[in-house]
Amino acid sequence: MATTPHPEFAAGLGISRWRIEPFRLFFPLGVLFAWIGVGHWLTYATGVTATYSCKSHALVQIQAFLMSFAAGFLLTAVPRRTRTAPPSAAEMIAMAAALIVTSIAAMAERWFVSELAYFCVFLILAQFAIRRFAGRAAGRRPPAAFVLVPIAAVHGLVGAAMVAAAEVQNSPAWTEHLGMLLITQGVFLCLTVGVGGLILPLMSGTPPPADLGSSPRELWKAAAYGAAGAAIFASFIFEQAGSTQIAPLLRAIVVAVGLGFGGNAWRPPGRTGVHRKLVWISAWMIPVGLAISALYPDYRVPALHILFIGGFGLMAFGVATHVSLSHLEMPRAASGRPLAIILMGAAFLLALFIRFTADASDTYFQHLGWASAVWILGSAAWLLYLGPKLLRR
Ligand code: HEM
């Protein structure tokens with residue numbers, strides 16, 4: 001495989017900016033998917049649509065919105081770390097197509113097609129990453145925490161196979177439930193702890209982790225991350241078997257330890273920049289949401305939105321802000337408080353509050369509509385601020 005010593009050099013070779021910096025395409029695309037998934041509640045609450053599907057909303061949010069942000073990040077970061085070639089045009093098109101198909105099929109309640117496309121997302125990412133990390137041309141190895149990235153893919157692949165299998169006649173009822181747990185929580189719990197092990201120290205100004213294999217200590221760390229991934233996977237099987245409190249609590253502990261010690265999130269970021277604080281807050285929202293869902297199983301889904309809106313969603317936008325501001329060379333914004341980023345953070349936290357209280361109110365669907373509208377406005381502020389800069393040639 002050809003090496004790419006420096007992005008500017010790659011640009012000099014005539015490789016397009018979209019391939020060198022795939023996040024420019026996949027972050028804005030992810031925002032559009034999020035609007036489809038979250039907007040579902042706004043259109044229902046305002047009477048524009050007559051039906052709703054919790055499963056469509058959940059799958060679009062996780063399989064398309066979050067996955068598009070993850071793809072944008074990984075397709076950009078892996079070639080830089082390994083100093084290998086950026087994704088090919090075919091890989092970029094295939095990834096965008098798989099994300100679009102999984103989202104449209106989920107909205108159309110074509111679960112089998114949606115899962116097939118989601119399966120393809122992992123296959124594209126897997127061949128892309130394996131060829132670069134295993135290739136002889138690879139410049140640097142990933143850090144130990146990245147052991148959780150293939151484990152995240154295993155959650156996604158097994159989950160997709162189970163949700164698709166549930167479509168087959170006479171398949172056992174547990175396949176869909178367990179598959180949904182693996183997809184909606186497993187993939188991004190592993191990815192946030194795994195990728196967080198690199199990005200959180202980088203963002204907060206603490207020393208970044210060493211390369212895997214650089215010392216015996218890193219091998220022990222990799223084994224510990226592998227054990228964390230296995231514990232997360234096992235917790236879903238326990239939950240499916242009826243452990244509705246201990247299993248999510250186990251996940252909360254594993255994630256808190258992983259992000260707290262592995263990602264240095266036990267202390268607030270040492271650098272200024274509002275997006276760094278938002279990412280730090282989001283890191284703690286993840287175990288908090290899991291713990292509250294464990295303590296109050298009757299309030300499970302609203303409690304899980306602390307994880308979905310305050311954790312995964314806020315972290316995706318916070319990390320995307322960091323990647324964008326650094327690549328677009330906006331150091332003042334990266335250490336300051338751009339209004340759009342403050343609006344995004346405030347809107348997400350307000351939407352979380354409205355979503356959390358919806359189930360305890362007498363106006364459930366109105367709450368959902370308002371939460372959805374506020375969340376969309378917050379993400380629109382982000383897109384208006386960074387979108388034109390990302391899409392500029
Ligand atoms: C901001 C506005 C949002 C609203 C109003 C909202 C509303 C809802 C509702 C009503 C449900 C179904 C509840 C039930 O099964 O009875 C749900 C489930 C779900 N939502 Fe959201 N949501 C929002 C944002 C998000 C975001 C940003 C994400 C992901 C990043 C997300 C991910 C999920 C998932 C994965 C489920 C399935 C949970 C489960 O059953 O295990 N939601 N949401």
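Ring pair Phe356/His305: centre-to-centre distance not below 6.0 Å. Residues Phe353 and Trp375 place their aromatic rings such that the two centres sit no closer than 6.0 Å.
One finds the CG atom of Leu352 at 9.0 Å from the OG1 atom of Thr357 (value rounded to the nearest 0.5 Å). How far OG of Ser243 is from CD1 of Ile237: 12.0 Å, rounded to the nearest 0.5 Å. The distance from the OG atom of Ser204 to the CG atom of Asn264 is 6.0 Å, given to the nearest 0.5 Å. Arg392 contributes atom CZ, which lies 7.0 Å from atom CG of Leu328 (distance to the nearest 0.5 angstrom). With rounding to the nearest 0.5 angstrom, the CD atom of Glu176 is 10.5 Å from the CG atom of Leu181. Note that the CD atom of Gln240 and the OG1 atom of Thr175 stand 8.5 Å from one another [nearest 0.5 Å].
For Ala160 against Glu115, the heavy-atom pair with the smallest separation is CA-OE1, 3.3 Å. Minimum heavy-atom separation, Glu218 to Ala144: O-CB, 3.6 Å. Pairing each heavy atom of Leu125 with each of Leu75, the nearest pair is CD2-CD2, 4.0 Å. Smallest separation of non-hydrogen atoms from Ser361 and Ala358: OG-O, 2.7 Å. Contact between Leu189 and Phe236 at its shortest, heavy atoms only, is CD1-CZ, 4.3 Å. Of all non-hydrogen atoms in Leu250 and Ala231, the two that sit nearest each other are CD2-O, 4.0 Å.
Judged by distance alone, with hydrogens and angles left aside, the side-chain atoms of Gln245 form a donor-acceptor pair with the main-chain N or O of Ala294 at under 3.5 Å. When atom types are taken as modelled, the side chain of Thr363 and the backbone of His367 share no donor-acceptor pair closer than 3.5 angstrom. A donor-acceptor pair under 3.5 Å is absent between the side-chain atoms of Arg24 and the main chain of Trp18, judged by distance alone. For the pair Trp41 (side chain) and Ala371 (backbone), a donor-acceptor distance under 3.5 Å is absent. Under the 3.5 Å distance criterion, the side-chain polar atoms of Arg132 are left unmatched by any main-chain donor or acceptor of Thr84. Side-chain N or O atoms of Ser114 include none that pairs as donor or acceptor with a backbone N or O of Trp111 at under 3.5 Å. When atom types are taken as modelled, the side chain of Arg271 and the backbone of Met203 share no donor-acceptor pair closer than 3.5 angstrom. The backbone N or O of Phe23 sits less than 3.5 Å from a side-chain atom of Thr76, completing a donor-acceptor pair. At distances below 3.5 Å, at least one donor-acceptor pair connects side-chain atoms of Thr272 with backbone N or O atoms of Ser335. In this structure, Thr82 contributes its side chain and Phe133 its backbone to no donor-acceptor pair below 3.5 Å.
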As a quick check of understanding, evaluate side chain to side chain donor-acceptor pair (under 3.5 Å) for Ser235 and Arg251, giving each step before the final call. CA-CA 7 Å; Ser235 77; Arg251 285 198 287 281; 2.8 Å; yes
Does the pair Arg81 and Asp211 meet the rule for a salt bridge (Lys or Arg N to Asp or Glu O under 4.0 Å), with working shown? CA-CA 10 Å; Arg81 176 101 185 170; Asp211 287 13; 2.6 Å; yes
Determine whether Glu91 and Arg131 satisfy the following criterion, salt bridge (Lys or Arg N to Asp or Glu O under 4.0 Å), listing intermediate values before the conclusion. CA-CA 13 Å; Glu91 281 170 324; Arg131 286 194 297 131; 2.9 Å; yes
List the steps and the verdict of side-chain contact (heavy atoms from CB on, under 4.5 Å) for Met315 and Leu278. CA-CA 7 Å; Met315 189 179 273; Leu278 292 175; over 6 Å; no
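Between Phe317 and the choices Trp382, Tyr385, Phe312, Phe73, the ring-ring contact (aromatic ring centres under 6.0 Å, His included) rule is met once, by Trp382. In summary, of the residues considered (Val193, Val195, Thr206, Val279), a side-chain contact (heavy atoms from CB on, under 4.5 Å) with Leu200 occurs for Val279 alone.
The local environment of OH in Tyr299 is crowded, with over 12 non-hydrogen atoms from other residues, nucleotides or ligands closer than 6.0 Å. Sparse packing is recorded around CD of Gln366, with 12 or fewer heavy atoms of other residues, nucleotides or ligands lying under 6.0 Å away. Trp35 CH2: more than 12 foreign heavy atoms inside a 6.0 Å radius. Enclosure of atom CZ in Phe365 by more than 12 non-hydrogen atoms of other residues, nucleotides or ligands within 6.0 angstrom is indicated. Annotation: Ile246, atom CD1; neighbour count of heavy atoms from other residues, nucleotides and ligands within 6.0 Å does not exceed 12.
In this structure, the side chains of Leu148 and Leu191 stay at 4.5 Å or more apart for every pair of heavy atoms. Using a 4.5 Å heavy-atom cutoff, the side chains of Met330 and Lys389 are in contact. Put simply, the side chain of Cys190 does not reach to within 4.5 Å of the side chain of Val149, judged on heavy atoms. In this structure, Leu343 and Leu339 have side chains that are in contact, with non-hydrogen atoms separated by less than 4.5 Å. In this structure the side chain of Leu249 never reaches within 4.5 angstrom of the side chain of Leu290, judged on heavy atoms. No side-chain heavy atom of Pro268 sits less than 4.5 Å from a side-chain heavy atom of Lys277. In this structure the side chain of Val301 never reaches within 4.5 angstrom of the side chain of Asp359, judged on heavy atoms.
Connection of Ile354 to Leu314 is not established within any shared hydrophobic cluster, with ILVMFWY side chains joined at heavy-atom distances below 4.5 Å, either directly or through further cluster members. By the criterion of side-chain heavy atoms lying less than 4.5 angstrom apart, applied directly or through intervening Ile, Leu, Val, Met, Phe, Trp or Tyr residues, Tyr364 is not grouped with Ile309; the two fall into different hydrophobic clusters. By the rule that hydrophobic residues join a cluster once side-chain heavy atoms approach within less than 4.5 Å of another member, Ile62 and Phe112 end up as members of separate clusters. The hydrophobic clustering, which links ILVMFWY residues whose side-chain heavy atoms are closer than 4.5 Å, places Leu391 and Phe33 together.
His275 and His322 are linked by a side-chain donor-acceptor pair at a separation below 3.5 angstrom, with hydrogens and angles left out of the test. Using modelled atom types, one finds a donor on one side chain and an acceptor on the other under 3.5 Å when comparing Gln63 with Thr102.
Below 30°, between 30° and 60°, or above 60°: for Tyr118 and Phe122 the angle between ring planes is above 60°, a perpendicular geometry. Between Tyr52 and Tyr44, the ring planes lie perpendicular to each other; the angle is over 60°, past the 30° to 60° tilted range.
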